[in-house]
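Structure first, then comments.
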Amino acid sequence: MAIGTRAKTGKRETAPPVVSGGITGTPYDVESIRSDFPILYREVYGKPLVYLDNAASTQKPRSVIETMDHIYRFEYANVHRGLHYLSNTATQRFEDARESVRRFLNAGSVDEIIFTKNATAAINLVADSFGANLGEGDEIVLSIMEHHSNIVPWHFHRERNGAVLKWAPISDSGELLLDEFERLLTPRTKMVAITHMSNVLGTLVPVHEVIRLAHERGIPVLIDGSQSAVHLSVDVRELDADFYVFTGHKTYGPTGIGVLYAKKAHLDAMRPYQGGGGMIDHVAVDRITYGKTPHKFEAGTPPIVEAIGLGASLNYMMQVGRDNIARHEGELRNYAHAQLAELPWLKIYGNTPDKGAIISFTMDGLHPHDIATVIDRSGVAVRAGHHCAQPLMERLGVTAVCRASFAMYNTKQEVDVLVDALKRAHELFA
Ligand SMILES: Cc1ncc(COP(=O)(O)O)c(C=O)c1O
């Protein structure tokens, strides 16, 4: 068994790293999955940890932790430029990870997979390089639900080059208003940059429709998959996305690694983003030629071990089965939603039928930060704040919300702990 995959039996099958685990397949065995995540067994304040901050970052399975440990112990060297055994081994592992990403997204070629630092860096790359010619009056269409990562790089074009940002609105229940979106598309629209799943509302954006409407007008589309890649099966070829980005630490992988998928034709036409070693073909004192994609966009020593760790996490997700994960999380969301909706003093934001395993809420009489701080004492980790989505907060008429977000390893019992902790917080403080 390759490093980074999930053992079916929990037995040690090869040399280190050990990849533990229970039995995959149906029915979904959440306890077996939990056993792959060591941190889930710790306590906080003497209470079992109930980790519901997954939209911010997910916990790591043993296969990721041990794969990275193994590389540092036995297979570490710089990649791509060595002629020695370790460098070749590390290069092979690094490029294997790129192949895992390709499979994860069903991209046509590894040449379309660029490793970046995170989703933010991937979007900045596209905004800077693909957006190099954006000028006065050129329009970029975003949704009002975007994370700041998919806003600020476009704001740079507004500030520096006179580009115009246009915002697709949502209904009160959090649905993207597709007709209004379509009305924003004009001959001046140079880019649609839109989330696949809101990190606050959980709303799933109908990206097939969005892409079709944009492409009918010859407009390229960037999909921010930072949340959707975690919860759904994604097929970039079927979507026909021009650009699709996600971030490793949310897909059960390490920090410091993200992915830009882009159609090869775009990458070939784009100027490099950053300059340095690894991305050139030839450098002379008076001229320079660049390497081919994907290396053209990976200047400097890449995050080698992080990329390999990401490969392990994606292999793990694919082995558990992304449809299985989506089904399990859907059940958790419905279970949590039903209980929370019964609480008259709690307001849920985002009530679309098509939504991911993210529930944001406020409570009468208690600030979201206080809610999070109080239930933390019961071992429940949730996030409170503006979630890097201030335009959305303004649309919702709030400055902050509390957010519980679920992952493949969460259970209905944990939802019960959350609900009980919220009830106690309301009794005591509201
Ligand atoms: C929808 C969305 N986009 C982008 C990001 C940015 O991810 P990163 O900070 O890893 O670049 C996040 C992270 O919270 C997110 O939820």
Side-chain angles (χ1 to χ4, degrees), residues 51-60 64 101 105 114-128 140 142-156 167-168 170 174 176 192-205 207 210 221-232 234 241 243-261 273 303 306-307 309-310 313-314 329 349-350 352 355-360 372 381-393 395-396 400-407:
Y51 186 78
L52 301 178
D53 193 17
N54 295 289
S57 206
T58 48
Q59 300 299 345
K60 315 308 168 199
V64 170
V101 177
L105 296 177
I114 315 289
F115 285 123
T116 62
K117 187 175 66 168
N118 46 33
T120 304
I123 298 170
N124 274 277
L125 190 164
V126 176
D128 184 275
I140 299 149
L142 313 167
S143 89
I144 201 69
M145 289 181 282
E146 298 314 309
H147 187 282
H148 294 167
S149 298
N150 196 27
I151 296 176
V152 182
W154 307 109
H155 258 308
F156 287 168
W167 302 86
I170 54 170
L176 182 84
V192 170
I194 197 161
T195 189
H196 195 173
M197 182 189 289
S198 161
N199 64 313
V200 176
L201 304 173
T203 300
L204 274 167
V205 169
V207 284
V210 163
V221 181
L222 176 145
I223 302 293
D224 177 359
S226 300
Q227 295 296 336
S228 56
V230 192
H231 302 287
L232 306 173
V234 175
F243 303 97
Y244 182 97
V245 308
F246 71 93
T247 198
H249 65 93
K250 294 189 206 283
T251 51
Y252 307 95
T255 54
I257 184 79
V259 167
L260 166 65
Y261 157 82
Y273 175 47
E306 288 77 5
L310 174 67
S313 77
L314 302 185
E329 290 176 349
Y349 296 81
T352 55
K355 103 176 225 166
I358 293 174
I359 303 183
S360 287
V382 295
R383 184 150 295 242
H386 57 57
H387 307 282
C388 295
Q390 285 181 321
L392 176 62
M393 293 295 121
R395 165 63 179 87
L396 300 175
V401 295
C402 219
R403 178 184 70 190
S405 50
F406 304 93

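Both ligands and their constituent atoms are indexed starting at 1 by order of listing. These numbers come from a predicted model, not from an experiment.
- Closest to atom 14 (O) of ligand 1 among all protein heavy atoms lies Lys250 NZ, 2.6 Å.
- Neither the backbone nor the side chain of Glu146 comes within 4.0 Å of ligand 1, counting heavy atoms alone.
- Between the OG atom in Ser360 and the CZ atom in Arg383 there is a gap of 12.0 Å [rounded to 0.5 Å].
- Although no hydrogens or angles enter the test, the distance criterion places a donor-acceptor pair under 3.5 Å between the side chain of Glu146 and the main chain of Thr195.
- Regarding atom 15 (C) of ligand 1, its nearest protein heavy-atom neighbour is His147 CD2, 3.3 Å.
- Taking distance alone, with nitrogen or oxygen atoms compared against 3.5 Å, Ala119 approaches ligand 1 more closely than that limit.
- Closest non-hydrogen pair, Val234 versus Ser228, comes out as CG2-O, 4.3 Å.
- By the criterion of a heavy-atom distance under 4.0 Å, both the backbone and the side chain of Thr120 are placed next to ligand 1.
- At under 3.5 Å, a nitrogen or oxygen of His249, whether backbone or side chain, sits near a nitrogen or oxygen of ligand 1.
- Among protein heavy atoms, the minimum distance from atom 6 (C) of ligand 1 is reached at Ser149 OG, 3.3 Å.
- Protein heavy atom closest to atom 4 (C) of ligand 1, with residue, atom name and distance, is Ser226 OG, 3.2 Å.
- Ligand 1 has no atom lying under 4.0 Å from any heavy atom of His387.
- Put simply, the side chain of Ser226 never gets that close to the backbone of Thr247: no donor and acceptor are under 3.5 Å apart.
- Those atoms of ligand 1 with a heavy atom of Gln227 less than 4.0 angstrom away are 1 (C), 15 (C), 16 (O).
- In this structure, Lys117 has no heavy atom closer than 4.0 Å to ligand 1.
- Looking only at side-chain heavy atoms (C-beta outward), Leu125 and Val245 stay at 4.5 Å or farther from each other.
- To the nearest 0.5 Å, atoms NE2 (His148) and CG (Leu392) are separated by 9.0 Å.
- When side chains are defined from C-beta on, Leu204 does not count as touching Thr352, because their heavy atoms never get closer than 4.5 Å.
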Margin query: Quick one, Asp53 with Val382, criterion side chain to side chain contact (heavy atoms under 4.5 Å, CB included). Give me CA distance, side-chain angles, the key distance, then yes/no.
Written below: CA-CA 5 Å; Asp53 193 17; Val382 295; 5.9 Å; no
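- Contact between Asp224 and ligand 1 is present, with at least one heavy atom of the residue lying under 4.0 Å from the ligand.
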